[in-house]
Every structure is written in C-alpha cells, then in structure tokens.
Amino acid sequence: MKQLLILGAGTAGTMMVNKLEPVLDKDEWQITVVDQYETHYYQPGFLFIPFGIYTKKDVMKPKRDFFPSGVDVIFSGIDKIIPDQNQVLLDNGKVLKYDFLFIATGSKINPGETEGLQGEGWHKNIFDFYTIEGSLALAKYLKYWEGGKLVLNIAEMPIKCPVAPLEFVFLSDWWFTEQGIRDKVEIEYVTPLPGAFTKPRASKVFGDFLDKKNINLTSDYNIARVEPAENKIVSWEEKEISYDLLISIPTNMGDPVIERSGLGDELNFIPTDKETLQSKKFENIFVLGDATDLPSSKAGSVAHFQADILFDNFLSIIDNRPMKAKFDGHANCYIESGFGKGILIDFNYDTEPLPGKFPLPGIGPFSLLEETKMNHYGKMMFRWMYWNLLLKGAELPIEAQMTMAGKRV
Amino acid sequence: MSQIEIAELNVDLDDQGYLTDHNQWTKEIAVAIAGEEGIIELTDRHFVVIDFMRKEFKETGTGPSIRRLTKQSGVPTKELYALFPGGPAKKAARIAGIKKPEGCI
C-alpha cells in the first residue's frame with residue numbers, strides 16, 4: 001500500500017484531500033492527513049468580525065465535517081519532517097512513513113518578531129485581525145471606541161491576503177461613518193511597500209481610493225519597534241508615528257515545524273518550484289498554499305488554483321508520466337471597499353491586475369479593478385461557496401490559469 | 001535598456017537604473033552609483049553587504065531580502081538602514097550591480 005501524507009488541513013490541505021480521495025485507487029493508496037487543530041476557520045471572515053458583520057459562529061466549523069470517509073485523519077502536532085527517511089514524527093510519538101508528502105502547513109502571524117508589539121499594549125489598544133482571538137478582541141474594543149488616531153501598520157512582506165489591510169481601512173472609514181464618529185477618527189495606512197499595493201496599476205487605483213476616503217498613506221515605512229508606553233511606532237530610520245489605536249499586520253512566517261526540519265528559508269517558507277509546486281530539494285515532496293516561498297499571493301484563491309494544478313500533476317506522476325500542468329501565479333481577490341461595494345482583481349506572476357469584466361468577458365457580472373455593488377455580493381456569497389463547494393473540492397466556474405479574455409490592457 | 005556613462009565607465013542599465021549585466025560591475029561603478037544614491041563614501045561595511053549580495057545573486061539568481069541579509073551577512077538591521085538610507089535591499093542591489101529584488105505580493 002502506497003502512502004500519500006498531507007500535513008495541514010487548512011484550505012489547501014482539505015481541498016487536496018477532497019479532490020484526490022475519489023480518484024485514487026483504494027487498493028493502492030492510503031491517504032493520511034495530519035493537523036493539530038480540530039476547528040476549521042474561514043479566515044477571510046476574520047476581517048468582518050471587528051465591524052460586527054460576522055460573528056464567531058460564521059467562521060467556524062469542525063474540520064471533521066470536511067474529510068471524506070476513506071481518509072485517515074490524525075489530530076496531532078508535528079514534531080519533525082525527515083525527508084531523507086521519507087518519514088514524519090508526530091508530537092503524539094507516532095512515526096508516519098510516506099511515498100509522497102504534501103506540505104500545506106500555512107503561515108501565521110508572529111508579533112514576537114517586532115520589538116514591543118506583543119508588550120503591554122497587545123490586545124489593549126494594539127490588535128491584529130489575522131487570528132480569531134485578535135478579531136474578537138478588536139470587535140469588543142471598537143464597539144466602545146470614541147475616536148482618535150487609527151494607524152494600520154504592515155510589519156513586513158510577504159503577508160497572507162495582501163489586500164486585507166486595505167479592506168480593513170476601507171471598512172473602517174465606512175464603519176466610523178455609520179457610527180457617526182468619522183470626523184473624530186484619523187486613519188493612517190503605514191506600509192513597507194512603495195505605494196498602496198505592489199503592482200503599479202492596482203497601486204494607483206487603491207491609492208486614489210485611500211485619497212477619496214480621506215485615509216493618509218505612509219509608504220516605504222519599515223517598522224523597527226513599538227513603544228506601547230508612548231503609543232508610537234518607530235522605524236529603522238527613527239521615524240516616529242503616534243497612534244491611539246494600532247492595527248498591526250505582524251510578520252508572517254511558515255510553521256515552526258518547517259524550521260525544525262530544516263526545510264525553510266528565513267521566514268520558514270519552503271523553496272518550491274513556481275510552476276510544478278514540487279519541493280526544490282525533494283522529488284517526492286510537494287508544497288501548496290501559504291507554506292510555499294512562491295512570489296504569488298498567500299490566499300485561498302491561490303491555494304485553490306494550485307490544488308487544481310497539483311491534482312493534475314500528481315495523477316501524471318503516479319502514472320509515471322511527466323508533469324504537464326503549470327501554475328501561473330493566478331490570484332483572484334474580492335476587496336471590500338465599504339458602503340456595500342467591492343473591487344475585484346485577477347492577476348498572475350506576469351500580468352498585473354487590469355480593468356475589465358469577470359468571469360464572462362464583456363458581461364461579468366463582476367467588474368475588475370472597479371468598485372461595484374455586484375463585487376460586494378460576490379465577496380459575501382463566497383463564504384457559502386467556501387464551506388459548501390471549495391473545501392469539498394467541487395469544480396468552480398473559474399479556470400486555474402488566468403485568462404486575458406475580458407481584460408483591457 | 002539604455003547605456004549611460006557613469007564616471008566615464010560604459011555600463012548598461014535598465015529603465016530603473018539597475019545594471020542589466022552583473023558581469024559589467026566593478027568597484028568604480030559601485031562608487032559612482034552610490035554617489036548618485038547620495039552615499040558619499042563606500043566603507044568596508046558597505047562592501048560586506050555588497051559582496052554578500054553579489055554572492056547571493058550568483059548562487060540564487062535573485063537578491064536577498066533584508067531579513068536574509070541581516071541573518072546571513074552579520075550586518076544588523078539598524079546598521080543596514082544607516083549604511084543604505086531609504087531602502088537597503090533596493091539601494092544595495094543597485095550599487096552591487098544586480099537586478100532589482102523581486103517585489104512579492
């Protein structure tokens with residue numbers, strides 16, 4: 001019996017299990033999946049919790065609900081991956097052998113990487129919204145906040161869902177308007193990037209949105225430390241920015257098990273072939289989702305497109321055929337812009353976000369790089385699609401590879 | 001691509017001022033580009049960074065991130081920003097004659 005071992009049952013790992021289980025021959029293959037947590041969180045929903053749009057219940061389900069019955073599921077932490085021996089040691093003492101290993105252990109925020117961030121201000125007037133704990137604590141805080149200076153700071157790139165910080169300030173502008181205190185709130189967006197976003201056209205569009213919504217942009221800012229007693233952040237070049245409320249997107253890093261296993265780079269992300277998703281070091285290891293070091297977005301849509309590619313390639317490999325499917329860096333992101341509207345971007349390694357219609361060229365219903373109500377409905381509908389279709393490995397009407405059809409160059 | 005003369009040295013630069021061929025790089029070119037970037041003198045510490053970047057580039061085909069720089073070259077982050085004010089990864093890459101680091105998203 002051959003062993004396919006999948007580490008991590010988040011978005012990427014769960015999708016992969018559900019795609020492969022129905023097609024792999026059960027007399028030949030045993031699929032095993034390992035994860036340390038029993039709850040699956042719909043992470044895009046964390047953004048909405050601080051503003052009271054979603055509650056905890058909307059973003060949580062038991063992971064068990066999403067595994068097909070033929071799969072061996074183990075809830076345990078992972079101690080170490082030993083690729084030279086094709087085995088994985090678990091925290092519960094078990095040793096798992098594998099023929100093929102898929103690593104989908106994700107990425108997490110590490111506030112400890114920035115001096116003073118996790119100090120006396122943490123979850124008092126400094127919050128993250130990338131964890132369930134952070135977004136719930138922030139929801140409570142915002143409910144009673146009477147205004148002041150809100151600073152959103154991105155510590156370091158890359159981060160998971162690079163548009164989420166923009167969405168957060170757009171939604172803040174809307175929320176404080178609704179609360180009747182927008183005139184008492186100053187919002188500043190502080191980023192290490194040279195502009196609002198990385199790619200030029202999208203950066204310009206988002207920069208204009210920030211202007212329009214009266215949100216100040218400070219770019220090229222690299223945070224060195226937080227001084228919580230003084231309520232200020234300080235850059236490596238000693239530039240100080242004061243805040244009353246600090247929303248931090250801390251350094252994102254891969255799982256510590258990647259470091260323990262000597263498989264990662266400085267941020268514990270795994271060097272991965274950008275087209276085939278094969279580990280650069282080990283032929284029988286594949287990496288998907290946020291755990292890779294690829295220059296693509298760390299996002300659910302990306303994990304989804306990668307899963308389609310890896311599915312095709314894995315079936316080729318076990319038939320002793322060359323891998324033909326190529327991941328092109330495709331990402332597709334709905335960006336909440338507040339007041340019931342949204343913006344959609346669709347791009348890959350080589351093509352920056354462009355204006356146009358999506359997914360049907362000329363028709364839509366969604367509009368690219370433009371703010372519409374329909375884009376907002378797309379985002380809100382997505383939660384249902386995530387739980388009911390995406391995680392279960394169902395086909396969605398979006399191709400894994402990006403298409404230029406419908407885009408205006 | 002354009003060819004410009006830096007301190008009477010002919011060298012090919014891309015539209016953002018980065019060398020298109022790292023083999024054309026010399027210390028004189030580094031000094032000239034540093035001058036354009038407002039760095040008057042290149043010290044031994046600058047060259048610790050520059051040499052590390054060139055070595056990384058030859059081995060991996062891309063310049064290192066700041067995190068990798070500080071971890072591997074032994075130059076602390078604070079000093080890095082003092083040596084190359086306003087963006088160590090980008091500025092040092094230009095002075096080291098390698099491609100602009102890939103912005104990730």
Side-chain angles (χ1 to χ4, degrees), chain A residues 110 113-115 154-163 191-195 197-200 202-203 219-225 234-239 251-253 264-269 271 274 280 292-299 302 329 331 333 345 347-353, chain B residues 14-18 34 36-40 43 45-46 48-50 52-96 98-105:
Chain A
N110 280 259
E113 291 289 313
T114 304
E115 187 189 330
I154 301 167
E156 184 175 353
M157 295 300 284
I159 57 168
K160 188 176 341 208
C161 190
V163 295
T191 170
L193 295 172
F197 203 56
T198 44
K199 317 262 171 161
S203 190
S219 53
D220 291 310
Y221 186 93
N222 293 288
I223 190 171
R225 62 185 187 275
V234 185
S235 76
W236 289 108
E237 294 172 297
E238 296 296 326
K239 192 179 163 203
T251 302
N252 277 224
M253 292 173 81
D265 63 13
E266 293 71 40
L267 290 168
N268 303 342
F269 295 127
K274 64 192 268 197
K280 283 187 178 168
T292 74
D293 74 336
L294 300 185
S296 50
S297 291
K298 296 195 181 297
V302 176
C333 314
I345 55 175
F347 56 101
N348 68 11
Y349 289 138
D350 304 317
T351 309
E352 64 168 322
Chain B
D14 67 14
D15 51 9
Q16 296 187 75
Y18 288 79
E36 278 187 6
E37 293 281 357
I39 299 167
I40 298 154
T43 63
R45 292 300 278 173
H46 285 102
V48 170
V49 177
I50 291 167
F52 177 76
M53 293 200 88
R54 290 189 57 77
K55 181 173 151 270
E56 266 296 291
F57 185 79
K58 277 177 198 161
E59 285 168 14
T60 67
T62 173
S65 64
I66 290 183
R67 193 171 264 270
R68 184 163 176 82
L69 252 175
T70 53
K71 210 166 171 181
Q72 303 284 330
S73 72
V75 180
T77 316
K78 181 92 192 163
E79 188 186 347
L80 208 56
Y81 278 90
L83 290 170
F84 301 94
K90 278 181 245 167
K91 265 191 193 175
R94 197 172 160 234
I95 296 167
I98 63 172
K99 272 197 307 205
K100 189 179 175 182
E102 279 175 40
C104 31
I105 169 167

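Naming convention: chains lettered A, B, ... in sequence-line order (proteins, then strands); numbering from 1 in each chain. Model, not experiment: these values are computed from the prediction. Note that these values count all heavy atoms, side chains included, but never hydrogens, waters or copies made by symmetry.
- For residues 79-92 of chain B, a heavy-atom distance under 4.5 Å to chain A picks out Tyr81(B), Pro85(B), Gly86(B), Lys90(B), given by residue number.
- Counting only heavy atoms from C-beta outward, the side chains of Phe197(A) and Val163(A) approach each other to under 4.5 Å.
- Lys160(A) is linked by a side chain to side chain donor-acceptor pair (under 3.5 Å) to Gln43(A), counting only residues two or more places apart in sequence or in another chain.
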Practice item. Given side chain to side chain contact (heavy atoms under 4.5 Å, CB included), test Ile98(B) with Met53(B) step by step and report yes or no. Key: CA-CA 8 Å; Ile98(B) 63 172; Met53(B) 293 200 88; 4.2 Å; yes
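- With a 4.5 Å cut-off on non-hydrogen atoms, Glu352(A) does not touch chain B at all.
- Side chains of His46(B) and Ile95(B) form no contact here, defined as non-hydrogen atoms less than 4.5 Å apart.
- Contact annotation for Lys78(B): both backbone and side-chain heavy atoms come within less than 4.5 Å of a heavy atom of chain A.
- In this structure, Ile223(A) and Trp236(A) approach most closely via the heavy-atom pair O-NE1, 3.2 Å.
- Checked by atom type and distance alone, the side chain of Thr191(A) pairs as donor or acceptor with a backbone atom of Leu193(A) at under 3.5 Å.
- Contact detail for Arg94(B) and Gly17(B): the closest heavy-atom pair is NE-O, 2.6 Å.
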